[in-house]
Student: 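First the structure, which I've put down as structure tokens, then a few questions once you've had a look.
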2 protein chains.
Amino acid sequence: MTYCYEYPRPAVTVDVVAFTVQQKRLQVLLVKRRKPPFAGAWALPGGFVGIDEPLEAAASRELAEETGVKEAYLEQLYTYGDPQRDPRGRVISVAYFALLPADAPVRASGGDDAARAQWLPADHLPPLAFDHADILAYAIRRLRYKLEYSAVGFQLLPATFTLSELQQVYEVILGEKLDKRNFRRRILRAGIIEPTPHHRGGGGRPARLYRYKADAVAEVKARRLFP
Amino acid sequence: MTYCYEYPRPAVTVDVVAFTVQQKRLQVLLVKRRKPPFAGAWALPGGFVGIDEPLEAAASRELAEETGVKEAYLEQLYTYGDPQRDPRGRVISVAYFALLPADAPVRASGGDDAARAQWLPADHLPPLAFDHADILAYAIRRLRYKLEYSAVGFQLLPATFTLSELQQVYEVILGEKLDKRNFRRRILRAGIIEPTPHHRGGGGRPARLYRYKADAVAEVKARRLFP
DNA sequence: CCAAAAGTGTTTGCTCTACACCCATGG
DNA sequence: CCATGGGTGTAGAGCAAACACTTTTGG
């Protein structure tokens, strides 16, 4: 292994854009920076990639450090490498996006190290450090887009859920009302979720619970669901 | 600027998957490695990212070094960071994909440094060095996919072209015959190309020449063209 | 029995697909 | 006049969009 001769090397980090849906809003996980640069500003959780650490493992680790959540849908987003993006020097950042179930055991603003991590609503964001506003904007675009043709929506829900809950996730993210009957027909025809025998009572008639088929996660058809 | 203390840093490279269409086949630009590891094997063109060089600039430079082509459609593909992907040590590679017009002034297998760069048909590839076979497979998938919903096809053609030429590009890449009338209707309705007043004679009736609208390149609608 | 949320079909318009013949030029 | 590739329209099928009432439970 040869390090640090021949050429100077950039630092490599991962940044994670973690989404969840709470209180009928799309929420993003942000941390408050304590050190300069941008001390006091909000930023995406992230950090350096270990020299023997796979990129996705680094993203997963950063996410776990801030939330305590070990398992989540995680996908590489884009790599940001503008030489000026970090005033301290050349830092190349591989951005990931993560979807957390609404019931994930998140300890944001809980433990010692994670005290600074918080969910903030995506439609009402403060200014962000570095180029994180760009990264976040792109992540939201990609999330909307993915929702339209694949069917990652249920990654934001518990293991079982009602169709109304699923529809609400779609409405929150796409920012528009959807027709109940058309939504159900399409989501069922897509064949990625299946009914369970259970129901959940609430303010009215109990709703059937659904779960996603395990095999469907793999073969996420590249078919458009919501034009 | 602080380099090389605190943590060891990975090396960062770019690799470029450059496509063109020649002889009714999709061709990929590859170079023959002269040094170990994988000496003698084919590989994607690529190299280290300069410490003050933007990522896309590095990709563009590598492409120009191998082909002499300065301007081409270039898009970030994915970042490969498996710790074992390079036997020499930790190397993170940001992969790009490039589309070159059929008439680009490519000097592959021409000049001194570029003597080793060659176009090889994508459907008949030799084993590749590192994880380049994975990268290439993904690039082809992405190319097909992009062709279906956006309309990058004309990036593989000269500034003006006939509809038959454009259709042939689509057929070569998608690997299936398309209906002439349906193809024309859709590609014209998409509004990204426009007729010129000129025609080109050939073996039969002269064909109208088209060009892509300059403004259309920006607003590549995310609308599916070929389901 | 009333409030609250779940569940369920049909009609209409549009888009995609399949398909076959005439046209303009060069040799 | 013949060979070569360029250019054009329509009918049928499948999909998406709009739309309102009945059902089940808890209080």
Side-chain angles (χ1 to χ4, degrees), chain A residues 23-24 102 147-151 153-154 157-158 160-172 174-211 221-227, chain B residues 23-24 102 147-151 153-154 157-158 160-172 174-211 221-227:
Chain A
Q23 297 142 11
K24 305 201 181 188
L147 217 60
E148 281 175 358
Y149 72 87
S150 91
F154 41 71
L157 287 173
T160 64
F161 48 86
T162 69
L163 289 183
S164 297
E165 288 166 349
L166 184 58
Q167 181 174 350
Q168 206 175 81
V169 167
Y170 276 76
E171 289 176 344
V172 163
L174 298 178
E176 57 183 324
K177 275 242 161 285
L178 299 173
D179 180 86
K180 184 161 53 159
R181 282 170 290 190
N182 293 339
F183 178 85
R184 284 162 187 245
R185 194 175 329 134
R186 273 183 294 198
I187 209 82
L188 290 175
R189 175 140 40 96
I192 47 201
I193 64 175
E194 60 188 5
T196 70
H198 307 113
H199 292 257
R200 177 190 302 160
R205 172 175 173 176
R208 165 152 253 136
L209 289 168
Y210 289 79
R211 64 167 163 250
K221 293 278 170 76
R223 181 162 344 137
R224 164 156 304 223
L225 287 178
F226 298 93
Chain B
Q23 297 143 10
K24 305 198 181 190
L147 218 59
E148 281 175 358
Y149 73 87
S150 91
F154 42 72
L157 288 172
T160 65
F161 48 87
T162 69
L163 288 183
S164 297
E165 288 166 350
L166 184 58
Q167 182 174 349
Q168 206 176 78
V169 166
Y170 275 77
E171 289 176 344
V172 164
L174 297 178
E176 57 182 326
K177 275 243 162 282
L178 300 173
D179 181 87
K180 184 161 54 158
R181 283 170 291 191
N182 293 339
F183 178 84
R184 286 166 186 241
R185 197 177 323 137
R186 275 184 292 201
I187 208 83
L188 290 175
R189 175 141 40 98
I192 48 202
I193 64 174
E194 59 187 5
T196 71
H198 307 113
H199 292 256
R200 177 191 303 160
R205 172 174 172 178
R208 166 151 252 137
L209 289 168
Y210 289 78
R211 63 166 165 253
K221 294 276 169 80
R223 181 158 348 132
R224 163 155 304 224
L225 287 177
F226 298 93

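Remember, it's a predicted structure, so these values are computed and weren't measured experimentally. Naming convention: chains lettered A, B, ... in sequence-line order (proteins, then strands); numbering from 1 in each chain.
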Student: What nucleotide, of D:dG6, D:dA16, D:dA17, holds the atom closest to the side chain of B:Ser164?
Tutor: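 Out of D:dG6, D:dA16, D:dA17, the nucleotide with an atom closest to B:Ser164's side chain is D:dG6.
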Student: What integer distance in Å separates A:His199:NE2 from C:dA4:P?
Tutor: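 So the two atoms are 23 Å apart, to the nearest Å.
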Student: Under 4.0 Å, counting only non-hydrogen atoms across every strand here, what does B:Arg185 touch: a base, just sugar-phosphate, or nothing?
Tutor: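 If one applies the 4.0 Å heavy-atom cut-off, B:Arg185 turns out to touch a base.
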Student: Within this structure, what is the CZ-to-C1' distance between B:Arg181 and D:dG5, rounded to whole angstrom?
Tutor: 15 Å
Student: Measuring from atom CG of B:Leu209 to atom CZ of B:Arg200, what distance do you get when rounded to the nearest 0.5 angstrom?
Tutor: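 Those atoms lie 5.0 Å apart.
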Student: When the distance from OH of B:Tyr210 to C1' of D:dG7 is rounded to whole Å, what number comes out?
Tutor: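 Answer to the nearest Å: 9 Å.
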Student: Rounded to whole angstrom units, what separation is found between the CZ atom of A:Arg200 and the P atom of C:dG7?
Tutor: 11 Å
Student: Nearest-nucleotide wise, let me know which of B:Arg184 and A:Lys180 is further upstream toward the 5' end of DNA chain D.
Tutor: B:Arg184
Student: What's the CZ-P distance between B:Arg186 and C:dC16, to the nearest Å?
Tutor: 7 Å
Student: What's the shortest heavy-atom distance between A:Gln167 and A:Asp179, and which atoms?
Tutor: NE2-C, 4.0 Å
Student: Between P on C:dT25 and CZ on B:Arg205, what's the gap in Å once rounded to a whole number?
Tutor: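 One finds 8 Å between P of C:dT25 and CZ of B:Arg205, rounded.
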Student: Considering every strand and a 4.0 Å limit on heavy-atom distances, what is the contact class for A:Arg208: base, sugar-phosphate, or nothing?
Tutor: sugar-phosphate
Student: Does the side chain of A:Glu148 come within less than 4.5 Å of A:Leu174's, by heavy atoms?
Tutor: yes
Student: Please compare A:Asp179 and A:Gly204 by the position of their nearest nucleotide in DNA chain D and report the one closer to 5'.
Tutor: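 So the residue in question is A:Asp179.
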Student: In terms of ring plane angle, is the pair A:Phe161 and A:Phe154 parallel, tilted or perpendicular, where the classes change at 30° and 60°?
Tutor: parallel
Student: How many Å lie between CG on B:Leu178 and C1' on C:dC19, as a whole number?
Tutor: 15 Å
Student: Measure from CZ on A:Arg189 to C1' on D:dC15 and round the result to the nearest Å.
Tutor: 7 Å
